[in-house]
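Data block below; observations after.
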Amino acid sequence: MSKKPVRVAVTGAAGQIGYALLFRIASGEMLGKDQPVILQLLEIPDEKAQKALKGVMMELEDCAFPLLAGMEAHSDPMTAFKDTDYALLVGSRPRGPGMERAELLSINGAIFTAQGKALDKVASRNVKVLVVGNPANTNAYIAMKSAPGLPRENFTAMLRLDHNRALSQVAAKTGVKVGDIEKLTVWGNHSPTMYADYRFATANGKAIKDMINDQEWNANVFLPTVGKRGAAIIEARGLSSAASAANAAIDHMRDWALGSSGKWVTMGVPSNGEYGIPKDTMFGFPVTTENGKYTIVKDLPIDAFSQERINKTLQELKDEQAGVAHLV
Ligand SMILES: NC(=O)c1ccc[n+]([C@@H]2O[C@H](COP(=O)([O-])OP(=O)(O)OC[C@H]3O[C@@H](n4cnc5c(N)ncnc54)[C@H](O)[C@@H]3O)[C@@H](O)[C@H]2O)c1
Ligand SMILES: O=C(O)C[C@H](O)C(=O)O
């Protein structure tokens, strides 16, 4: 018997990431090749954006995806999030030239307050929320705080792009296959302060740390490369990473919904106090996922170098949270 369709809301649906994301959701890459989906697409109430959204929907229609059970265009989160089972919050205002971070936080803060409130009122009580729009961790924190009627663990931020970037850099350095690397993680904020950590990583039972054995490379090549990769893509493409961001969003949601088969993945999730991270801080942690739930990997040893990096990315998140304190 075929499965009942699930509702997937995507905001910023006519944007770059939306264009790289929607076709993959509709083809079953996110929730499985046997799971029909209804897409509930949100764009700003602007003629040009809504027209572009219609164009994307025409293309989705032209793909004749067997799993696409329905499609709706919205300009109001209160209708876009109605009964939604999954919400991918991609739409947000990018930082313009000369814009202060505080200004960006405040503009996007207003978006994620409204969207959090709408999710609180109309979404499924089991909704799984992934925030992609930057600053992703703090936007996810605002949405979570604006939705007190939903379980806080339903709100997550995307660190998976950093995780995937780190995997590829480690694979290139060691010569092992990317798919053979396990137990890598990224701690903290989706920003250049993130801490990609391969201390526990293995490939075919061998320790990656021993294979690399080069702390100078770790501190001065690997971490800056992963941390500044988004800026390097913008510099090269003239646009921010969209296909790799959409791919990471698919990976994040797929693993959350369908399980990671015991493997570690990185998710930005509200802390319960693990590793000394204050409760509710939306922080990148190593997690495993099973039956639609994630569990933070606990009690890993944190050495002095790692602690210093974790403190730095935590401080940035604390500063961001202080900047939006009036909104939550
Ligand atoms: N977390 C990550 O790893 C990661 C990676 C890459 C990009 N990003 C971020 O993702 C966001 C989207 O990137 P993009 O390249 O698709 O940008 P884009 O500008 O191409 O598209 C964004 C879309 O969002 C829409 N939008 C803006 N405000 C909205 C709102 N309140 N409701 C609904 N839609 C709204 C815009 O109209 C636009 O169509 C940016 O904030 C970017 O910085 C995050
Ligand atoms: O959009 C950006 O500022 C960069 C993006 O978050 C990325 O990591 O590629």
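Read the numbers this way: they start at 1 and go in the same order the structure lists the ligands and their atoms. Numbers here are sequence positions counted from 1.
Polar contact with ligand 1: present for Gln16 (N/O pair, distance under 3.5 Å). Here's the thing with Val131: none of its N/O atoms is less than 3.5 angstrom from an N/O atom of ligand 1.
At a threshold of 4.5 Å between non-hydrogen side-chain atoms, the residues Val129 and Leu89 count as touching. Taking 4.5 Å as the limit, every side-chain heavy atom of Val265 sits out of range of all side-chain heavy atoms of Arg254.
Ring-plane geometry between Tyr275 and Trp187 is classed as perpendicular, the angle between the planes exceeding 60 degrees on a 0 to 90 degree scale with a lower cut at 30. Taking the six-membered ring for Trp and thresholds of 30 and 60 degrees, Phe285 and Phe283 have ring planes inclined between 30 and 60 degrees apart. Between Trp217 and Phe222, the two ring planes are parallel [angle under 30°; tilted spans 30° to 60°].
Close approach of ligand 1 to Ala245 is summarised as follows: ligand atoms under 4.0 Å from at least one heavy atom of the residue are 5 (C), 6 (C). The ligand atoms of ligand 2 that sit less than 4.0 angstrom from a heavy atom of Ser240 are 1 (O). Here is the list of ligand 1 atoms found below 4.0 Å of a heavy atom in Ser240: 15 (O). Set against the non-hydrogen atoms of Gly230, the atoms of ligand 2 under 4.0 Å away are 7 (C), 8 (O), 9 (O). Ligand-side atoms of ligand 1 in range of Val90: 10 (O), 11 (C), 12 (C), range being under 4.0 angstrom from any heavy atom. For ligand 1, the atoms closer than 4.0 angstrom to any heavy atom of Gly91 are 24 (O), 26 (N), 35 (C).
A salt bridge does not link Asp197 to Arg309: none of the charged side-chain nitrogens sits closer than 4.0 Å to a carboxylate oxygen. One finds a salt bridge joining Glu72 and Arg7 here, because a Lys/Arg side-chain nitrogen approaches an Asp/Glu carboxylate oxygen to under 4.0 Å.
Note: the hydrophobic cluster containing Leu119 also contains Met144 (ILVMFWY, side chain heavy atoms under 4.5 Å, direct or indirect links).
Within the set His190, Gln16, Arg165, the minimum heavy-atom distance to atom 6 (O) of ligand 2 is found for His190. Remark: among candidates Ile44, Leu161, Thr11, the nearest residue to atom 30 (C) of ligand 1 is Ile44, based on non-hydrogen atoms. Which of Gly12, Ala242, Ala140, Ser92 comes nearest to atom 34 (N) of ligand 1 through a heavy atom is settled by distance: it is Gly12. When Glu43, Met158, Gln115 are checked for heavy-atom proximity to atom 32 (N) of ligand 1, Gln115 turns out nearest.
Of the protein's non-hydrogen atoms, Asn134 ND2, 3.6 Å is the one closest to atom 2 (C) of ligand 2. For atom 9 (O) of ligand 2, the closest heavy atom belonging to the protein is Ser241 OG, 2.5 Å.
Residue Arg229 places no heavy atom under 4.0 Å from ligand 2.
For NZ of Lys48, the number of neighbouring non-hydrogen atoms (other residues, nucleotides, ligands) closer than 6.0 Å is 12 at most.
Looking at Val186, Ile181, Thr266 one by one, the single match for side chain to side chain contact (heavy atoms under 4.5 Å, CB included) with Leu167 turns out to be Ile181.
In Asn134, the parts holding a heavy atom less than 4.0 Å from any atom of ligand 1 are both the side chain and the backbone.
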